[in-house]
Number of protein chains: 2
Amino acid sequence: MNIGQAATASGVTAKMIRYYESIGLIEPPIRTQAGYRVYTAEEIHELRFIKRARTLGFSIEEARELLALWRDKSRASADVKTFAMKHVRDLETKIDELQAMSRTLRHLAQTCHGDDRPECPILADLALPDARQPPAEKKRGKAKTHADCTCDEGDTFSRRH
Amino acid sequence: MNIGQAATASGVTAKMIRYYESIGLIEPPIRTQAGYRVYTAEEIHELRFIKRARTLGFSIEEARELLALWRDKSRASADVKTFAMKHVRDLETKIDELQAMSRTLRHLAQTCHGDDRPECPILADLALPDARQPPAEKKRGKAKTHADCTCDEGDTFSRRH
DNA sequence: GCTTGACCTTACCATTATGGGAAGCACCAT
DNA sequence: ATGGTGCTTCCCATAATGGTAAGGTCAAGC
C-alpha cells in the first residue's frame with residue numbers, strides 16, 4: 001500500500017498524508033528500499049479516522065487529541081463526550097454568527113428594489129457612519145497628537161457616537 | 001488623521017489598513033513630510049465601509065466589488081442585490097454544512113454514556129471503516145502496482161464499500 | 001535492454017486575513 | 001535632551017490545502 005493507494009483508500013490526499021506525517025499527526029510509515037512510503041491497514045484506518053474527524057469540523061489539533069483518546073484504551077467516555085460537546089458549541093457559535101450575517105443581509109436585500117436605479121439600502125447600510133458594532137475600546141486619552149496634518153477634519157470624528 | 005486614529009475611527013487595525021493599501025483595496029493616502037500616512041474623512045468612511053462588509057462576512061475581494069458598486073453612482077440596485085443574495089446563499093451553504101456536523105456529533109454524543117468506561121460511540125463512529133462520505137472518484141484501473149510492498153493487505157481495501 | 005507513463009520523492013510557493021515583532025525614525029511633552 | 005508613544009518598513013507565523021518542478025522508480029511493452 002503506497003501513498004497513492006493509501007490516499008484513495010482513506011480519502012486523504014497524498015499531499016495531506018505527507019503533511020500529517022510532517023507535523024507528527026501520524027507516525028512515519030516504513031519505506032521501501034527506494035524510499036516509497038508503505039502503509040499498513042492499521043495506518044489506513046488511522047487516516048480514515050482523521051478524515052472523518054476533519055469532516056466533522058474538528059481541526060487537525062483536535063483530531064490529534066481524538067486520536068490520542070482513540071488509542072488510549074482506558075479513556076473515559078466522559079472525556080470524549082465533553083470534547084465532542086465542546087466542539088458542538090464551537091460549531092453552534094459559528095452557526096449563530098453566520099446566521100446573524102445572513103439575516104442582516106437578507107433584510108437589507110428585502111428592502112432593496114433590485115431594479116436599474118442606483119438607490120440601494122444595502123450599500124446605504126454598509127456606508128453607515130457607525131453601526132455601533134464592535135466594543136473596541138482603546139486606552140487613549142484625547143487622541144489629538146498629530147502634527148502637520150493636512151486633512152480636513154470637521155466634526156467627522158466626534159460623530160462616532 | 002494619521003493611521004492610529006484612522007484605525008480607532010474605522011474599527012480597522014493600522015496593520016490591516018496598510019495591508020488594504022498594499023493590495024490596492026484602498027488608495028495610498030497622502031503622506032506628511034515625515035512619511036506618515038494622513039487620512040481624510042472620506043477615506044475613514046471607506047474604511048468603515050470595508051469593515052462593515054467584512055463584518056457581514058464578505059471576503060476582501062467581495063468588499064472590493066462592493067466598494068466599486070458604492071463608488072459607481074450609476075450602478076443598478078439590482079446588481080447590488082444580486083451580489084448580496086449570492087453571498088447570502090454562500091453563508092447558508094456554510095451554515096448547512098456546520099449544522100450537519102453539529103447534528104451528527106450531537107446524535108453521537110447523545111448515545112455516549114459519558115461515564116468513566118471507555119466504550120464510546122463517538123470514537124466508534126470516527127473509526128468506522130468507511131462512512132461512504134465523499135464521492136471521490138479517481139480514474140485508475142486495478143491499482144495494484146506496488147513492488148516490494150511489505151504490508152499485510154488482507155481484504156482491507158476491497159472493503160471500501 | 002530501452003523507452004514510456006504512471007507513480008513516488010523532496011522542496012518550494014501560493015492561498016486568506018490577520019497578528020506579532022524588530023529596527024529605526026518622528027513627534028511631543030517635560 | 002530625554003523618554004514615551006506612534007509611525008515606518010520588513011519579515012515571520014498562523015491553518016489547511018493545492019500546485020509545481022526536478023528528479024528517482026517501477027512495471028510493462030517493444
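As a basis for the values below, the full set of heavy atoms in this structure was taken, side chains included, without hydrogen atoms, waters or symmetry mates. Residue numbering restarts at 1 for every chain, and letters A, B, ... go by the order of the sequence lines. On a predicted model such as this, the values are computed, not experimentally measured, just so you know.
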Protein heavy-atom contacts under 4.0 Å, written 5' to 3' over nucleotides 10-15 of chain D as B (base), S (sugar-phosphate only) or - (none), form the string ------

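- Using a distance-only test at 3.5 Å, with no hydrogens or angles considered, a donor-acceptor pair links the side chain of Arg48(B) to the main chain of Ala9(B).
- In this entry the distance linking NZ of Lys94(B) with C1' of dT16(C) reads 12 Å, nearest Å.
- Under the 3.5 Å distance criterion, the side-chain polar atoms of Arg37(B) are left unmatched by any main-chain donor or acceptor of Ile3(B).
- Under 4.0 angstrom from either OP1 or OP2 of dG19(C) there lies at least one side-chain N or O belonging to Thr13(B).
- To the nearest angstrom, C1' of dA27(D) lies 13 Å from CD of Gln5(A).
- Between Glu61(A) and Arg64(A) there is a salt bridge, since at least one side-chain N of the basic residue sits less than 4.0 Å from a carboxylate O of the acidic one.
- Between the C1' atom of dT18(C) and the OH atom of Tyr20(B) lies a distance of 9 Å, rounded to the nearest Å.
- Ion pairing between Asp90(B) and Lys94(B) fails under the 4.0 Å rule for side-chain N and carboxylate O.
- In this pair, Trp70(A) and His45(A) present their aromatic rings perpendicular. The plane angle is above 60°, beyond the 30 to 60° band.
- Following rounding to the nearest Å, Gln33(A) (CD) and dG24(D) (P) show an atom-to-atom distance of 18 Å.
- Remark: side-chain polar atoms of Glu65(A) are not paired, donor with acceptor, to backbone N or O of Glu62(A) under 3.5 angstrom.
- The side chain of Asn2(A) lies closest to dC8(C), out of dT8(D), dC8(C), dG19(C).
- We find that OH of Tyr36(A) is positioned 9 Å from C1' of dA6(C), with the value rounded to whole Å.
- Straight-line distance from the CD1 atom of Ile17(B) to the P atom of dA17(C): 17 Å, rounded to whole Å.
- Going from atom CZ of Arg89(A) over to atom CZ of Arg106(B) covers 9.0 Å, rounded to the nearest 0.5 Å.
- Not counting sequence neighbours, the partners of Asp115(B) by the side chain to side chain contact (heavy atoms under 4.5 Å, CB included) test are Ser77(A), His113(B), Arg117(B).
- Using a 4.5 Å heavy-atom threshold, the side chains of Glu92(B) and Ser102(A) count as touching.
- With dG19(C), dC8(C), dC7(D) as the choices, the nucleotide that has an atom nearest any side-chain atom of Arg18(A) turns out to be dC8(C).
- Atom CD1 of Ile3(A) is separated from atom C1' of dG24(D) by 16 Å (rounded to the nearest Å).
- With rounding to whole Å, Arg37(B) atom CZ is found 13 Å from dG6(D) atom C1'.
- Taking five base pairs at each end of the helix from dG1(C)-dC30(D) to dT30(C)-dA1(D), the local helix axes there meet at an angle of 30°, rounded to 10°.
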